[in-house]
Each structure stands twice: as structure tokens, then as C-alpha cells.
Amino acid sequence: MKKIAVFTSGGDSPGMNACIRAVVRTGVYHNLEVVGIMHGYDGMMKNEFIPLDAKSVANIIQRGGTILKTARSKEFMTIEGRKKALENIHKHEIDGIVAIGGDGTFKGALEFSKICNIPMIGCPGTIDNDLRGTDFTIGYDTAINTVVDAVDKIRDTAESHDRLFFVEVMGRDAGLIALRAGIGVGAESILMPETKTDIEDLIKRLESGRKNKSSKIIIVAEGDEAGGAFIIAEQVKKRLPDYDARVTVLGHIQRGGNPSAMDRVNSSRIGFAAVEALIKGEKNVMIGIVDKNIKYTPFANAVKHIQELNPDLIRMVDILSM
Ligand code: F6P
């Protein structure tokens with residue numbers, strides 16, 4: 001192995017830069033030439049390859065976003081697109097590829113591996129934490145901290161006005177941000193795609209708990225099957241008109257910001273392990289951290305969700321939110 005490429009793809013997540021830095025510096029340490037591919041699979045097809053060295057990744061470990069930019073590519077999902085990408089990979093004489101991204105990135109990598117023999121290693125970069133084979137994805141911890149910080153502020157005003165707030169958090173297919181952040185802010189209820197949302201039950205809970213608390217926070221994952229926070233709030237308002245209800249959608253604020261210490265450390269470990277996995281001859285696996293240890297999971301298994309939520313946590317939420 002002489003030359004490797006690294007790229008980021010899909011939604012950005014805090015810690016991607018720390019991971020890029022680890023990949024580049026581990027590559028340089030092992031005397032590999034390292035190039036970056038800008039804009040993910042799009043840049044692979046459009047030949048956006050740039051040289052990287054130890055200096056080009058200085059002072060990025062603490063920065064959110066990704067210096068390599070990112071994209072969600074429709075063209076790469078076509079065989080013509082993947083063939084274009086392969087031509088460029090060959091043109092640049094790449095011997096190994098590190099892909100940093102989420103579910104869509106690894107599904108793309110799986111398809112690519114059908115026409116491309118060059119080994120690919122994945123680093124789980126998504127705030128959603130919806131990949132199998134790792135306890136925490138890059139950016140998840142920072143996103144949760146961002147949500148907790150924002151909802152603490154909402155709680156102050158909710159408490160002052162005796163209001164009910166519906167706060168929508170990210171997670172198209174997964175409620176893990178909602179669950180963990182919801183526990184962290186002491187939410188009265190957490191609505192997620194993995195659990196059935198029963199509006200009647202929510203109304204009952206709101207009615208029965210009304211005397212005890214002046215403010216109430218309901219965390220809604222954007223992918224909840226009952227609709228987004230606005231739709232659910234409308235239904236509740238109709239049934240409980242004396243509640244002074246408001247909706248806040250946190251949106252892309254959750255994807256930005258400086259990575260937490262945990263994300264910086266995990267990203268560094270994962271990027272480091274990715275390059276060493278390539279050198280060892282591994283291919284088409286995602287690097288994860290499970291029970292504090294590095295674990296390899298084939299792409300095909302990493303993207304098989306939906307994950308089961310921990311039932312102990314769900315039970316605990318119900319008891320603690322009374
Ligand atoms: O996959 C990460 C994520 O932030 C999801 O939580 C969210 O549903 C989606 O990306 C939003 O994507 P976009 O930035 O393309 O609107």
C-alpha cells in the first residue's frame with residue numbers, strides 16, 4: 001500500500017475533522033501518500049482530489065464540519081456514476097480508501113465494492129448513531145450536548161410561563177438523539193420512530209401530571225411516525241386547549257459546533273484504526289468502538305438497522321418523568 005484517499009460523505013458531523021486528521025497523520029507515519037477527495041462521492045466522480053500532509057490537518061481537531069466538504073450524491077447511486085468514480089481512483093493510483101460517513105455512505109461503498117477491488121474502510125460519521133457495530137458514532141455525543149444545552153434554555157422560559165414545549169430533534173430514522181438528550185434534560189415524554197406514539201396516552205400523561213409541574217418538555221424525533229412536533233402539538237392543543245403550548249425545531253444547529261472531548265477522542269481512535277486496518281489487509285469493514293475496544297464490522301452488517309432501543313432506558317424514562 002503506497003497511496004490512500006480519504007473523504008467525508010452524507011450529513012456532516014462534529015468530529016469528522018478530528019478523524020481526517022488521524023487518518024492523514026497515521027498515513028504519513030506509515031510512509032503513505034495521502035490524498036483527500038472533496039465533496040464525497042461527488043468529488044470522486046468529478047476528480048476533486050487534493051494532496052494532504054501532516055501540516056494540512058493542523059488546527060482542525062477542534063473544528064466542527066469537515067474541511068473536505070461533504071455531499072449526498074444521487075449520481076453515485078447509478079452504475080455510470082460509480083464507473084466514473086472508479087476511473088478517477090485508478091487515475092490517481094489509489095491503493096486504499098477511507099470513507100467517513102453514515103448509512104448512505106456505507107451503502108454506496110457496498111455498491112462500489114462490486115466493481116472496485118481497492119479496499120475500503122469506513123469510519124462511522126453521523127450524529128444519528130444509527131449504525132450497527134459501534135457504541136457511538138462520530139458526532140453523536142456533541143449533538144446530544146447541543147440539544148441538552150438548547151433545551152435547558154427552553155426549560156427556563158417554559159418554567160417562567162408555565163408552558164408546554166414540543167422540541168423536535170434530528171433523526172430521520174432513529175430516535176437515539178431524542179432518547180439520550182431527552183433523558184439528559186428530564187423530558188416529560190420522548191417520542192421516537194422505534195416506539196409506537198400513542199397520542200391518547202400522551203394526553204393522559206399530560207393531564208395526570210399537570211398539578212405537579214409548571215413546565216413540560218416533550219422531545220420529538222423528526223422521524224416519529226405520528227408526524228413532526230408541529231403536527232403532534234396541534235393534536236394535543238385541540239384536546240387540551242388550556243395548555244399554553246409552543247414548538248421549537250432545533251434543526252441543523254445539532255450538526256454544528258466544536259466536537260466534544262469524547263467525539264475528538266473517538267474520532268482520533270477510529271481514524272487511526274482505519275489506516276492500520278488498511279495496512280493489515282482489511283477491506284469493506286467499518287471501524288467501531290464497542291465496549292471501549294476497536295471492532296471491525298462488514299459494511300453490509302453496519303447498515304442493517306433499525307436498532308432496538310434499550311428497554312431499560314425506556315422504562316426508566318417513564319418512571320423518572322412522573
Ligand atoms: O443523517 C444525519 C441527519 O442530520 C439526520 O438526522 C437528518 O434527518 C438529516 O441528516 C438531514 O439532512 P439534510 O442536512 O440533508 O437536510
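Since we're looking at a predicted model, the values are computed, not measured. Scope of the values below: all heavy atoms of this structure, side chains included, with no hydrogens, waters or symmetry mates. The first residue in the sequence is number 1, and the count goes up from there. Read the numbers this way: they start at 1 and go in the same order the structure lists the ligands and their atoms.
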Counting C-beta onward and ignoring hydrogens, is there a side-chain heavy-atom pair between M286 and Y296 closer than 4.5 Å?
no
Using modelled atom types and a 3.5 Å cut-off, is there a donor and acceptor pairing between side-chain atoms of N17 and backbone atoms of I67?
yes
G171 heavy atom under 4.0 Å from ligand 1:
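The answer is yes, since G171 has a heavy atom less than 4.0 Å from ligand 1.
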Of all the heavy atoms in R72, does at least one lie under 4.0 Å from an atom in ligand 1?
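Contact present.
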side-chain hydrogen bond (donor to acceptor under 3.5 Å, both in side chains) involving S13 - partner list, sequence neighbours excluded:
none
Option set L176, V169, D128, criterion heavy-atom distance to atom 5 (C) of ligand 1, minimum:
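Comparing heavy atoms across L176, V169, D128, the nearest one to atom 5 (C) of ligand 1 lies in D128.
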Which of the ligand 1 atoms, numbered from 1, are nearer than 4.0 Å to a heavy atom of E222
5 (C), 6 (O), 7 (C), 8 (O)
Any chance CZ of R163 has more than 12 other-residue heavy atoms, nucleotides or ligands included, within less than 6.0 Å?
yes
Among protein heavy atoms, which sits nearest to atom 16 (O) of ligand 1, and what does the distance come to when rounded to 0.1 Å?
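Looking only at protein heavy atoms, the one closest to atom 16 (O) of ligand 1 is H252 NE2, 3.5 Å.
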Identity and separation of the nearest protein heavy atom to atom 4 (O) of ligand 1
R255 NH1, 2.9 Å
Once you round to the nearest 0.5 Å, how far does OG1 of T146 lie from CZ of R255?
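With rounding to 0.5 Å, OG1 (T146) is 12.5 Å from CZ (R255).
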